[in-house]
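Working notes, structure below.
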There are 2 protein chains.
Amino acid sequence: MSKAEGTRNLQSKLRPIVNYSLTDQVETKLLDLFKKEDLRSGDPIPKENELCEAMGVSRTVIREALTRLKTIGLIESKKNKGMILTEPDLLIGLDKLLQPKILSEETLQDMFEMRLALEMGIAELVFARIKPQDILDLKAILKTEKDYKEDLEMDFEARFHGRIYAIARNNTLLRFQSMLLPIFKYVHDKGLKLKEEELPKNYVTHSIIVKVLETGNPEKYRDAMKRHLKVHFDRTIKIRKLLE
Amino acid sequence: MSKAEGTRNLQSKLRPIVNYSLTDQVETKLLDLFKKEDLRSGDPIPKENELCEAMGVSRTVIREALTRLKTIGLIESKKNKGMILTEPDLLIGLDKLLQPKILSEETLQDMFEMRLALEMGIAELVFARIKPQDILDLKAILKTEKDYKEDLEMDFEARFHGRIYAIARNNTLLRFQSMLLPIFKYVHDKGLKLKEEELPKNYVTHSIIVKVLETGNPEKYRDAMKRHLKVHFDRTIKIRKLLE
DNA sequence: AACATATAATATGTAATACATAATACATAA
DNA sequence: TTATGTATTATGTATTACATATTATATGTT
């Protein structure tokens with residue numbers, strides 16, 4: 001029996017000790033408390049000193065746990081007022097993380113695909129909620145397309161597609177999409193940029209998409225968007241295959 | 001001029017003071033540093049004491065800022081080793097927030113719609129990556145459908161649809177979907193549960209979906225899934241209209 | 001009585017110091 | 001050479017004190 005095997009064997013008998021720090025414990029206790037008390041957004045939570053006494057730990061630890069909860073947007077604190085539960089922002093912190101430099105290629109790929117999927121998937125919502133003004137806005141954006149030269153091309157894409165997302169009237173989705181922009185820019189700058197010649201014959205332009213939005217239906221939209229994004233789909237599928 | 005108007009007028013001249021706490025400032029400075037130094041996942045960052053000296057603030061403040069960055073998964077700390085930048089987990093913290101109780105109806109709605117959109121949108125990825133084993137697994141799951149009675153119905157839904165997401169081979173997406181489960185369960189329990197009689201005539205069953213996955217194509221899948229989810233789409237669209 | 005101003009009380013924010021603890025490197029002895 | 005003991009180091013926790021912003025109360029002036 002090798003040394004490694006011996007260790008593994010020992011492990012199965014002893015089980016490694018998981019070391020929850022005091023802060024970890026306080027954090028979970030707080031979350032439990034909120035759930036048990038059935039607290040809602042706006043409800044006040046105990047003072048720091050009360051928590052210290054109740055849990056028998058220093059204010060340092062309490063504050064560290066509270067800092068975590070503040071960071072994910074679950075609570076807010078005001079001097080003298082104390083702290084209250086808040087409607088958390090699901091996308092909080094995401095903007096700080098979405099810097100391509102620190103994300104792995106795999107995660108970038110994941111996010112890129114999610115965007116592609118969403119762009120196709122919002123068809124039903126878009127057609128259920130589109131209004132005349134949306135078309136007008138999109139047409140106005142179209143007119144500016146030629147003003148975006150070379151390296152600004154991505155900015156146009158962002159504006160155009162962002163405006164489509166807005167039609168879905170889903171604020172979380174809209175913000176999510178806008179946060180993903182740096183990633184697409186990165187992917188784009190990294191060589192995704194496709195020369196005109198490489199575009200497939202039945203390529204769907206932005207202008208065609210607007211037309212479909214104006215006169216089409218979800219099925220036609222999905223078909224158009226699929227062609228519009230085809231190169232991206234092809235690429236991501238090829239890349240992922242290589243990684244296997 | 002009313003008192004309120006006077007205040008507004010004064011505000012426009014003086015601009016309210018935005019009070020960045022020391023911790024806020026340290027946090028941004030740290031993020032700037034990481035970007036400026038072009039640090040990558042795994043790279044070490046300065047020790048707490050070094051940061052104290054460099055920025056001229058107490059360790060308390062430094063640690064609070066660091067706690068925030070740890071919370072969003074940007075850095076990790078180990079005793080004696082110091083701290084390193086880490087590949088952040090984009091979905092970190094999300095599970096703590098996705099308790100329906102503290103989320104507003106609007107946000108719940110948003111998330112629900114995102115899920116619907118994704119389910120439709122992943123068609124291309126699914127068909128590009130599906131393997132025989134996927135079909136086998138899905139068929140096995142299908143066989144257990146009758147075992148899930150009444151209140152466990154959602155568990156079956158989760159298993160089935162979760163398995164479909166897995167076909168897309170996108171880990172972030174898969175985890176995202178699984179985190180959303182409590183929300184769907186909530187929406188379901190809240191009265192979404194649809195009696196058999198309410199199902200539309202051309203309702204697509206789970207079994208049909210599997211068949212489409214086996215022998216169809218993205219278009220047919222989207223069509224099937226659209227019918228399968230029709231009641232949900234209809235409901236969310238109706239609700240959102242009422243909120244306008 | 002009405003109003004502005006001063007004062008006190010309160011809870012979070014910041015600082016400073018000391019010690020505990022885990023991980024690593026190094027030294028030591030069998 | 002190897003296992004064990006020891007020192008060192010950086011983070012984790014505790015304690016105390018004070019700063020600061022907000023609210024409530026009290027005070028005083030007209």
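Each chain gets a letter, A, B and so on, in the order the sequences are listed, and its residues count up from 1. Note that the coordinates shown come from a computational prediction; the quantities given were computed from them, not determined experimentally.
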Check: B:Y148 and B:T144 side chains under 4.5 Å, non-hydrogen atoms: yes
Main-chain N/O of B:T107 paired with B:S104 side-chain donor or acceptor, under 3.5 Å: yes
A:D24 CG to C:dT21 C1', straight-line distance once rounded to whole Å: 15 Å
Length of the line joining A:E50:CD and C:dT12:C1', which is rounded to integer Å: 13 Å
Between D:dT11 (C1') and A:L22 (CG): distance, integer Å: 14 Å
Atom-to-atom span, CD of A:Q25 to P of D:dG12 - whole angstrom: 15 Å
Residues in contact with DNA chain C, drawn from residues 55-84 of chain B - heavy-atom cutoff 4.0 Å: B:V57, B:S58, B:R59, B:T60, B:V61, B:K79, B:N80, B:K81
Atom pair distance, as rounded to whole Å: CG in B:N49 and P in C:dA15: 14 Å
Under 3.5 Å: donor-acceptor pair, side chain of B:D43, backbone of B:R40: yes
Strand DNA chain C as a dot-bracket string - pairs counted if Watson-Crick or G-U with both distances under 3.5 Å, | where the partner lies in another strand: ||||||||||||||||||||||||||||||
B:D134 (side chain) donor-acceptor with B:K131 (main chain) under 3.5 angstrom: yes
Side-chain H-bond candidate by donor/acceptor type, B:S21 with B:D24, under 3.5 Å: yes
A:R68 vs B:K70 side-chain heavy atoms within contact, under 4.5 Å: no
Nearest-Å distance for atom pair CD/P, residues A:E53 and C:dA11: 12 Å
Interatomic distance where CD belongs to B:E48 and P belongs to D:dA10 [whole Å]: 11 Å
Cationic N near anionic O, under 4.0 Å, A:R175 to A:D95: no
Nearest-angstrom distance from the residue atom CD of A:E27 to P of D:dG12: 14 Å
B:T86 versus B:E76, side-chain donor and acceptor atoms under 3.5 Å: no
Residue among A:E64, A:E50, A:E53, A:E48 satisfying salt bridge (charged side-chain N to carboxylate O under 4.0 Å, His left out) with A:R59: A:E48
